[in-house]
There are 2 protein chains.
Amino acid sequence: MEKRTALTVFESLATGVRLDIYRLLVKQGPDGMVAGDIADTLEVAPNNLSFHLKVLVHAGLATVEQEGRFQRYRANPTLMSALITYLTKECCAGQPEQCFGLATLTPKTSRR
Amino acid sequence: MEKRTALTVFESLATGVRLDIYRLLVKQGPDGMVAGDIADTLEVAPNNLSFHLKVLVHAGLATVEQEGRFQRYRANPTLMSALITYLTKECCAGQPEQCFGLATLTPKTSRR
DNA sequence: TCAATAATACAACAACTGTTGAAGTGTTGG
DNA sequence: CCAACACTTCAACAGTTGTTGTATTATTGA
């Protein structure tokens, strides 16, 4: 995963509303949810919701599909999977001991 | 992990500079790094760096320790670990098939 | 003690983000 | 066809965030 991608995901989920939307979508699984239902459930104005959904879709965390006059949104768990892999590998989290143990072995450059 | 905590972490890493700082700190392991070295490495103004470091520390992603007239910063891998756990559990990512398979079994509430 | 260094704190500003209300696009049922 | 519906787009505004320059605090070495 590119640093830029990770950044976009962080930006996308750095808002309470969007984190709620994303979690709701994941809970719905492949069924997804139409915009109106999301708006009702989370009690956010339709136009505002539309704004946040757009961000999530643009980030790749969700997908849209037209269904008659409804717009069905689904979570994209693949990207979250990739983010977790990135965080675990790039940032050495997950196995803190191993990561920090390794760091101890690398040559250290002291300040000036 | 609380939703609020996850949110704070996302906010903290939603900036290129802070993501860079955090990754640099993780790379340094338990040795950490003093503020001046971080500023030099990432080429950010000291006062600006201080601002971002404060955010990271406040979020719990990093710790500070005074060392003479230096401030040594270290990454806190535990929180990232917890975030990964949260993302994997709460958001069902990591095992998309399993999560989405489960969702299919749950009763669905159709729109109106 | 005094000058130099390391870092933080503060204030001002620009830039970005989220919210709201109103208007617009597309779809469906009568 | 047209009215109702589902949703999006747009523009305006408010609030927040990040950056920059300046000042301050604290520590060290001479």
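Here is how names work: the chains are called A, B, and so on, in the same order as the sequence lines, proteins then strands, and each is numbered from 1.
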Measure the distance from [atom1] on [X] to [atom2] on [N] and round it to the nearest whole Å.
X: Asp37(B); N: dT5(C); atom1: CG; atom2: P; result: 16 Å
X: Phe70(B); N: dA4(C); atom1: CZ; atom2: P; result: 17 Å
X: Asn47(A); N: dA12(D); atom1: CG; atom2: C1'; result: 13 Å
X: Gln71(B); N: dT28(D); atom1: CD; atom2: P; result: 11 Å
X: Gln66(B); N: dA6(C); atom1: CD; atom2: C1'; result: 10 Å
X: Phe51(B); N: dT8(C); atom1: CZ; atom2: P; result: 13 Å
X: Glu11(B); N: dT17(C); atom1: CD; atom2: C1'; result: 12 Å
X: Glu65(A); N: dT8(D); atom1: CD; atom2: P; result: 14 Å

Closer than 4.0 Å, any side-chain N/O of [X] to the OP1 or OP2 of [N]?
X: Thr15(A); N: dT17(C); result: no
X: Tyr73(A); N: dT8(D); result: yes
X: His52(B); N: dT17(D); result: no

Options [options], nucleotide nearest the side-chain atoms of [X]:
X: Ala35(B); options: dA4(C), dT8(C), dT9(D); result: dT8(C)
X: Arg69(A); options: dT27(C), dT8(D), dT5(C); result: dT27(C)
X: Val34(A); options: dT19(D), dT8(D), dC7(D); result: dC7(D)

Can you confirm whether Leu13(B) sits close enough to Leu56(B) that some side-chain heavy atom of one is under 4.5 Å from a side-chain heavy atom of the other?
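Leu13(B) vs Leu56(B): side chains touch.
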
Of Val64(B) and Gly68(A), whose nearest nucleotide on DNA chain C comes first from the 5' end?
Val64(B)

DNA chain C: Val55(A) or Glu67(A), which has the more 5' nearest nucleotide?
Val55(A)

Any base atoms under 4.0 Å from Arg18(B), or only sugar-phosphate, or nothing? Heavy atoms, all strands.
sugar-phosphate

Determine, stepwise, if the pair Glu11(A) / Arg18(A) fulfils salt bridge (charged side-chain N to carboxylate O under 4.0 Å, His left out).
CA-CA 10 Å; Glu11(A) 283 168 2; Arg18(A) 288 203 287 267; over 6 Å; no

Can you give me the closest heavy-atom contact between Leu61(A) and Tyr22(A), atom names plus distance?
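Heavy-atom minimum between the residues: O-CE1, 3.5 Å.
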
Presence of donor-acceptor pair under 3.5 Å, side chain of Asn48(A) and base of dG18(C)
no

Around atom CD of Glu2(A), are there more than 12 heavy atoms of other residues, nucleotides or ligands at under 6.0 Å?
no

Cluster overlap Phe51(A) with Val34(A), hydrophobic side-chain contacts below 4.5 Å:
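Phe51(A) does not cluster with Val34(A).
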
